[in-house]
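To start, the structure under review is shown below, and the notes come after it.
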Amino acid sequence: MALGDLMASRFSQSSVVVYSQLDDCASSHDDGDLSSQRRESETASSSYGNATATSMAYLPQTVVLCELRHYAFEACVPTGPSDSGLVSKWRPKDRMKTGCVALVLCLNISVDPPDVIKISPCARMECWIDPFSMAPQKALETIGKTLSQQYERWQPRARYKFQLDPTVEEVKKLCNTCRKYAKSERVLFHYNGHGVPKPTANGEIWLFNKSYTQYIPLPISDLDSWLKTPSIYVFDCSAAGMIVNSFIELYDLGGSSSSGSARDCILLAACEPHETLPQSAEFPADVFTSCLTTPIKMALRWFCTRSLLHESLDYSLIDKIPGRQNDRKTLLGELNWIFTAVTDTIAWNVLPHDLFQRLFRQDLLVASLFRNFLLAERIMRSANCSPISYPQLPPTHQHHMWDAWDMAAEICLSQLPSLVEDPNAEFQPSPFFTEQLTAFEVWLDHGSELKKPPEQLPIVLQVLLSQCHRSRALVLLGRFLDMGSWAVDLALSVGIFPYVLKLLQTMTPELRQILVFIWTKILALDKSCQVDLVKDGGHTYFIRFLDSMEAYPEQRAMAAFVLAVIVDGHRRGQEACIEAGLIHVCLKHLQGPTLNDTQTEPLFLQWLCLCLGKLWEDFTEAQIFGLQADAPAICAPLLSEPQPEVRASAVFALGTLLDVGSGTCRDGVGGEEEYDDDEKISAEISIVRSLLSVASDGSPLVRAEVAVALGRFAFGHNKHLKSIAAAYWKPQSNSVLNSLPSLAHMKGNVVSSQIGPLLRGTNDNSLGRDGRVSTSSPLASSGIMHGSPLSDDSSHHSDSGILNDGVSNGVVNHSTPEPLDNAIYSQCVLAMCTLAKDPSPRIASLGRRVLAIIGIEQVVAKPMKSTGNSVRPGESITATPIPSFSGLARSSSWFDMNGGHMPFRTPPVSPPRPNYLAGMRRVYSLELRPHIMSPDSGLADPLLGSAGTSGASERSFLPQSTIYNWSCGHFSKPLLIVADDSKEVLSRREEREKFALEHIAKCQHSSVSKLNNQIASWDTKFETGTKTILLNPFSPIVVAADEKERIRVWNYQEQKEATLLNSFDNHDFPDKGIAKLCLVNELDDSLLLAASGDGHIRIWKDYTLKGKQKLVTAFSSIQGHKPGVRSLNAVVDWQQQSGYLYASGELSSIMLWDLDKEQLINSIPSSSDCSISALSASQVHVGHFAAGFVDGSVRLYDVRTPEMLVCSTRPHTQKVERVVGIGFQPGLDPGKIVSASQAGDIQFLDIRNDRDAYLTIEAHRGSLTALAVHRHAPIIASGSAKQLIKVFSLEGEQLGTIRYYPSFMAQKIGPVSCLAFHPYEVLLAAGAADACASIYADDNSQAR
């Protein structure tokens, strides 16, 4: 099965692995939104009270917020592919070459040395030549030449020199010549001492005098001093181990003096110090040299005598094996290939990795000699002789891979007689490689990181050389690499890199997909390969693949990923890809679906954007190409794609097009004037407009990128943004700013159209006569005043007196770009302030960094706990002069009026009042001291000392984008296998569904109870009482929150007193308490949704584990609100079936958020002038929700209908007060609603059939504070500020009243602030304005 098919089948099977909606690649649907189609079909049956609908309608199948992006957005900063660390260890330190070979033969043919007693018959052959078959001198020369040829087979390019029976002087000259020629390359010194005595214990080898009458010793130290380093020595003589020992002693003693560096010296010796060479006639005399230089011949001869074939096989046939060693399609070539694979495999499995790298991957000749050395060890040990090496190798002569070699040799030898007889006979290839690939495949099915690595890996590498096995080997290799970065590292350390690099030059179509996959895996681990790819022109291979329409979009996404890594921070790569037309290819595929609709694959779009962004990041030339190719217009539509990853990547691509200005010179192109500055400015305007449209996106991933992009913009247009910021706060001496309402997210264009003229100074009438800003001024209504102190340039000292001038003061260096339309600047400042108040801590800190770039600087100040009394209007908080060591006066910073909503420096007060920050909702009079103004910009002069800060250090302050590094993580995870934990997840889900269905049935048929059995009551320790409460459906856990946005989680299982499991702050600058707690994915791993009163939504996972809670996502659900509104009272509800969150507040519409897409998908007009005060989403019918209004009216909406509003009524007629609670009645009827107003009446409506209530209960007179409707049991409960809870049936019958705690003293319960039913059991949780909370059950249910 080709990898492409493997991937296709895997992608189509799994719907949740790569993206939440990954369809089979060939499907055609317009917007990629499968889930909504699926949801609608599921619920069609249950809609509109269909009697046959099953109870499964109650169990939603949708699961949201469980993508990769939700696991650690806040926690960690992703790193992306590395170019250090684990990687680069696999790279051979520096490739080496053996440049020169010195062969010294001391044979002295026909004269035996005195210390050798020879047996008869005796081993005679030297280089497979019998020295006695010709005259001694001729024999000596022939042997020398033959040895030289045998070595040349392994390293043809080296220079070979030999000395036959030489003197010390001749050897010295030889060594010096070789070192001189080799320069810094390695020199091989081969010594054959068969005609001289054994080496001495002092470490000397023997040579001759001129007249051959004496043996002359040559100390090893001399030899070493002539040959120097790097070197490799081969000693073929008896007791060769003596020489090795002497070398080791020499290095140990002289280690410090030897030219300071470790000696790169390798030794191969034929035997141990006490051993003599084998003399048996079955071996040649130079058996060690024969193993090292003619391994196949040696191995087959040795094997022949031990094989079952030895009777039928004649020795002489071995010399007639047909073929060439380097032609793998011949018998000799295949034998050589198998031998290389076997010895490589043994070495890789037995040696430590760094030693393997040094000996088997650094130098071709050294690698060949060591492979052959393994054979020498095997053969010579059979003759009781142990070859040794330095560095020493572990024993390998009994490794089981030798059995595979024996078998392959036997199969080849069995064909030999027939092949020699008939030269035309066809040679049958050995099954060796096929079998080894099968063994590797078996390992892949059962192996893992924890098990022993697959020993066949070096064989897979060898197989890549052959066309017939290549495709299968690559697919298996791809599967192996997919197991994780450890597997990629193993494959790289075995030496796969040059092979797969070379394969990029092939044009074989069937290898394209798998090669792209393999390169994806390599580059996800190691970015440094980008250099090799560009050097070899590999980038063009991926550009062609990216542009081909046959491949699956996921695979083309991989090609885009590879190209993104190639250009990431690599100028040569950027230039090469631009030359190859990558910009054009990417933009072409971003422009909407072409003939076959594969373009909707989100991963593909995401990586096209990231690739473009990386291509023109910090590369002006590429940015100009991008602008000329109309990239901003092509990328902008992607900002409304359903996948947050695609939107974030599009923001990244647009943001990197903004020119930051190269430090000191900021004139458009920094030298290249081919692109008109005006065009550039208009392009930047359109980019910033696009960015502002997603500044309040639902996904933190997207907003983080917007913050980074605005940071780049702020840097490039620093002066203008600063002057705008300053213009908002033109200091008037003794000016008073009164009651500025906070409109945090006014839509930019509304604001700018009004502020624009003001900024240009043409229209100053909004400042009142006495210097006050009138309340109607657009200035006042802008969100910037909402606690955003824009301080001027002179306030660069934080309170501790630290100078913080690195960024904003360096701007004096920038020559100014053309100013954009001022309105855009003001919208940008607005957006920056909004981001600085983001509900996600990480984005808020990014936003604050961006504000710092335009000179708005804050110091975090947490609000002190309120004790109730806040500053009264009319009292002024006076700023006292603060000494400033530069001699400049400093403006008092602003503090956040919104209850410390944003961290800002607070001005000192006189007299000091400990709680002056607490509870402030408006800006009271602030006396501002006059500034020293600089004439041009209205900003105070920057500190003189900082005028020369360099552009580079400023650049380092820019917030960095994370979407690219974060997205790279996708490819380092396994892509071919579906995660295993799905079984566990499914079984838990089934268990919960079963539990839910049983309990739903019980609830529906339960005899309704009074709920007066209190099963738990405890002190919540909330100072301001409980604001909202929630019961977990599948465990005895209750969650509650207070006005200060403190969330606490208890277990109420065992005892009357609940035990605290976890307690945490929803965020650091709480404002108005938590308006609503909901569970998201309650049938799976539930997440806790906490909606603050200001409309900020934060969703937490692991909320029951002490201190382990993690923020999954956060966003602001309410955007833009009615003029003149002082504060937001958000009302929010969550609908699991649809994955929709409904939010409203003091605004004239209801925001509809899709949490799967993390996107605002609709803003539904509420069709009413007044605000919504209660909201309830149907838990059965997708898209249905009911809203209660401040004027007592109730409306039902269905978001699937074009007009949205289904019907509207005003049931609360007696006394018009706000609707406090609203809910759908249990059952499948979509129109039956219960609504309760503050006046105390509860109305039962069948809103579709009748406008008027069919039942009214006067529950509490004028004091109703809370309503709870059970999801399945026919029961509702209402709570009153007058310290009682009433329980009613759906028929209106009062079932019971709860007034007292069941204690000995019968203490009254506190004023009720919130009520919540358990979804599947008849349990009621109640929170009160005092710190007590309780849970009530049936009379008959036992206390738990």
Query - Results of ring pair (Phe, Tyr, Trp, His ring centres under 6.0 Å) for His1272 - residues two or more places apart only - result: Tyr58, Tyr1320
Query raised in the report: For Val1234, which residues count as a side-chain contact (heavy atoms from CB on, under 4.5 Å) partner, sequence neighbours excluded?
Result: Gln1225, Ile1242, Phe1244, Leu1267, Val1269, Ile1276
Query raised in the report: Which pair of heavy atoms, one from Ser1149 and one from Ser1144, lies closest together, and at what distance?
Result: O-OG, 2.9 Å
Report summary line: Interatomic distance, CG@Leu1324 vs CG@Leu1315, rounded to 0.5 Å, equals 5.5 Å
Query raised in the report: Can you name the salt bridge (charged side-chain N to carboxylate O under 4.0 Å, His left out) partners of Arg989, sequence neighbours left out?
Result: Glu993, Asp1084
Query - Residues in side-chain contact (heavy atoms from CB on, under 4.5 Å) contact with Pro1165, at least two apart in sequence or another chain - result: none
Query raised in the report: Will you find, in the side chains of Thr62 and Gln1136, an N or O donor that is under 3.5 Å from an N or O acceptor?
Result: no
Report task. State which residues pass side-chain hydrogen bond (donor to acceptor under 3.5 Å, both in side chains) with Ser699; sequence neighbours excluded, sorted by chain then number. Result -> none
Report summary line: Minimal heavy-atom distance between Ser1173 and Val1219, with the atoms involved, is OG-O, 2.7 Å
Report summary line: Residues at least two apart in sequence or cross-chain that pass ring pair (Phe, Tyr, Trp, His ring centres under 6.0 Å) with Phe1189, listed by chain then number, are none
Requested in this report: For Phe1224, enumerate each residue passing the ring pair (Phe, Tyr, Trp, His ring centres under 6.0 Å) test, keeping only those at least two apart in sequence or located in another chain.
Outcome: none
Requested in this report: Only counting residues at least two apart or in another chain, list the ones meeting side-chain hydrogen bond (donor to acceptor under 3.5 Å, both in side chains) with His999.
Outcome: none
Requested in this report: For Asp1042, check salt bridge (charged side-chain N to carboxylate O under 4.0 Å, His left out) against everything at least two apart and list the hits.
Outcome: none
**Report entry** Non-neighbouring partners of Trp1050 that pass ring pair (Phe, Tyr, Trp, His ring centres under 6.0 Å), sequence neighbours left out
**Finding:** Trp1018
Query raised in the report: side-chain hydrogen bond (donor to acceptor under 3.5 Å, both in side chains) with Ser1278: which residues, sequence neighbours excluded?
Result: His1260
Query - Heavy-atom closest pair, residues Leu1160 and Leu1152 - result: CD1-O, 3.5 Å
Query - Those residues that, when tested against Arg1046, pass side-chain hydrogen bond (donor to acceptor under 3.5 Å, both in side chains) (two or more places apart) - result: Ser1063, Asp1065
Query raised in the report: Are Trp1134 and Tyr1140 near enough that their ring centres are under 6.0 Å apart?
Result: no
